[in-house]
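Start at 1 and go down the list; that is how both ligands and their atoms are numbered. The first residue in the sequence is number 1, and the count goes up from there. Everything numeric here is computed off the predicted structure, so don't read it as measured data.
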Amino acid sequence: MTTLTDKHIVLGVTGGIAAYKTPDLVRRLREQGAHVKVVMTDGAREFITPLTLQAVSGERVSHSLLDADAEAAMGHIELARWADLVLIAPATADCIARLTHGHADDLLTTLCLATTAPIALAPAMNQQMWRAAITQQNCQQLRARGVQLLGPAEGAQACGEVGAGRMLEPLQIVAAVQQLFAEPVLAGLKIMITAGPTREALDPVRFISNRSSGKMGYAIAAAAQTAGAQVQLVSGPVNLAVPHGVSCTKVESAQQMYEACLAQVAETDIFIATAAVADYRPVQVADQKIKKSQSEMQIALVRNPDILAAVAATQQVFTVGFAAETQDVEHYARDKLQRKNLNMIAANLVGEQLAFDQDDNALLVLWADGQQSLAQASKTVLAQQLVGLIAQHYAAHTAGSAN
Ligand code: PMT
């Protein structure tokens, strides 16, 4: 038995070059015990034939909303009801835009509107199209509605460019889909997660901050919610939609984040500190915009409270810290684990093009008597893996405390 045994997956294939990988994807899903029915768009049929996908899926391939035979039995509604998951791979920019705006002018978009099953997309497109503000906005809206985005990966593209936009490999998609069907390992638990940067004001218009985008913390919030937890996000200023089903308290400064977290700690089982909290803030905040009257200026700074250490000191909560290091990751992370008296810590190497504001990351997760590396992957996939590890260790911790 696997988590995909006897699951019904409608695989939507849209018109991108990555469509050539879909026969392998179908084969891999079926190896895990899933039943797969393929729906192709007109564009997809320019890249790969229905016959190939029919042969590997063992099922009739559908493509037309106006197929008289299938629609006599309301084919699109039947498919929508049959699905435990609608997976679209590859999902082109056009498909993402049409789903965002609720189009229903072909079989695939129509069944996406008609289904109550979860929807997951594996985007695939040119890197500039992926980075385009409108594509990113569309993805944010879809995520906020509970649609899962699997990838994309970075690398060389069919068009000769290099960047984010490659479809995940079939095995990576299968791993992410398995996670979607995973047990609700955090059911009944209340989890608080800090995310994003803090801003430390200098005057009414200026502040000290850092490059955190909030992507890691928001991905963990989404994964924890999918795993059944009641999730409270405490977020610094970011440009991300709050994941479906997650509550969010928005803050600006480290002091505000500290107060928001400490106010809710009594109702928390697990605290995950992903935020890049400013360690220092200006001693004085000017009431008016500071004028450039001097050729040099010095800013006196004072330490901010350590939110994670303060939560750990309450000894009421299972604490998971993050460690952002530019060198000697394991050494510094283990030091933070012990010094802040944490249950676990997830360390990442940071620097130019690493961790901060990236779609991918890699983690080394440490606890008192062990550790595990989570290899480079999208923050979505890493968050699911980390949540799995936290659930295991939390269960062992509470079983140990009960004895
Ligand atoms: O947001 P992204 O762009 O996705 O980037 C993700 C990330 C790189 C920010 C994230 O993966 C990460 O490493 N977060 C922790 C960043 C950090 O501040 O690390 P640190 O080693 O300085 O702090 C150690 C721990 O103490 C962290 O859990 C931090 O949240 C916490 N801390 C630090 C200072 C403080 N005053 N209060 C805290 O709670």
Which bit of Ile307 gets closer than 4.0 Å to ligand 1, counting heavy atoms only: side chain, backbone, both or neither? both
In short, side chain to side chain donor-acceptor pair (under 3.5 Å) pairs touching residues 192-202 with sequence neighbours left out are Thr198-Glu200
Would you call Gly217 a ligand 1 contact, heavy-atom distance under 4.0 Å? no
Below a 4.0 angstrom heavy-atom separation, can you tell me which part of Pro305, side chain or backbone, both or neither, approaches ligand 1? backbone
Who's closest to atom 16 (C) of ligand 1 heavy-atom-wise, of Ala278, Ala275, Ala195? Ala275
Name the option, out of Tyr332, Phe356, Tyr258, that contains the heavy atom nearest to atom 8 (C) of ligand 1. Phe356
Ranked by distance from atom 1 (O) of ligand 1, the top protein heavy atom is Ser212 OG, 2.6 Å
At their closest point, which heavy atom of Leu342 faces which heavy atom of Thr319, and how far apart are they? CA-OG1, 3.4 Å
If only side-chain N and O atoms count, and only distance matters, is there a donor-acceptor pair under 3.5 Å linking Gln157 with Gln127? no
Less than 4.0 Å is my threshold; does some heavy atom of Gly196 fall inside it relative to ligand 1? no
Which distance, rounded to the nearest 0.5 Å, do you find between the CZ of Arg28 and the NZ of Lys21? 12.5 Å
Flag the pair Asp357 and Lys215 as a salt bridge only when some basic side-chain nitrogen lies within less than 4.0 angstrom of an acidic carboxylate oxygen. yes
Considering only heavy atoms, which of Lys379, Arg303, Gln255, Arg211 lies nearest to atom 4 (O) of ligand 1? Lys379
Enumerate the atoms of ligand 1 whose separation from the nearest heavy atom of Ala355 is less than 4.0 angstrom. 3 (O), 5 (O), 8 (C)
In terms of residue, atom name and distance, what is the protein heavy atom nearest to atom 11 (O) of ligand 1? Asn348 OD1, 2.6 Å
Any chance you could measure Thr41, atom OG1, to Leu108, atom CG, to the nearest 0.5 Å? 7.0 Å
Is Ala254 in contact with ligand 1, taking contact as a heavy-atom separation below 4.0 Å? no
Under 4.0 Å from any heavy atom of Met216, which atoms of ligand 1 are there? 4 (O), 6 (C), 11 (O)
May I ask you to decide if the ring planes of Tyr394 and Phe318 are parallel, tilted or perpendicular, using 30° and 60° as cut-offs? perpendicular
Which of the numbered atoms in ligand 1 are under 4.0 angstrom from any heavy atom belonging to Ala323? 21 (O)
Heavy-atom nearest neighbour in the protein, as seen from atom 21 (O) of ligand 1, with distance rounded to 0.1 Å: Lys336 NZ, 2.4 Å
Any idea which protein heavy atom is nearest atom 18 (O) of ligand 1, and the distance to it? Ala276 CA, 3.5 Å
Ala93 and Met129: which non-hydrogen atoms are nearest, and at how many Å? CB-CE, 3.9 Å
Under 4.0 Å from any heavy atom of Thr274, which atoms of ligand 1 are there? 9 (C), 10 (C), 12 (C), 14 (N), 15 (C)
Salt bridge between Glu325 and Lys336, side-chain N to carboxylate O under 4.0 Å? yes
Hey, is Lys340 one of the residues with a heavy atom under 4.0 angstrom from ligand 1? yes
Closest non-hydrogen protein atom to atom 34 (C) of ligand 1, residue and atom name please, with distance? Asp279 OD1, 3.4 Å
Asn126 side chain vs Cys159 backbone, donor-acceptor pair below 3.5 Å: no
What is the closest protein heavy atom to atom 27 (C) of ligand 1, and at what distance does it sit? Phe322 O, 3.0 Å
Among all protein heavy atoms, pick the one closest to atom 28 (O) of ligand 1 and tell me residue, atom and distance. Ala273 O, 2.7 Å
Nearest heavy-atom pair of Asn343 and Trp367: which atoms, and what distance? O-CB, 3.5 Å
Say whether Met257 and ligand 1 are in contact under the criterion: heavy-atom distance to a ligand atom below 4.0 Å. no
Nearest heavy atoms of Asp360 and Ser378, plus distance in Å: OD1-CA, 3.4 Å
Give me the atom names and distance for the closest heavy-atom approach of Gln32 to Gln178. OE1-NE2, 2.8 Å
What protein heavy atom is closest to atom 39 (O) of ligand 1, reported as residue, atom name and distance in Å? Leu308 N, 2.9 Å
Just to be sure I read this right, does ligand 1 sit under 4.0 Å from the backbone of Ile345, its side chain, both, or neither, counting only heavy atoms? neither
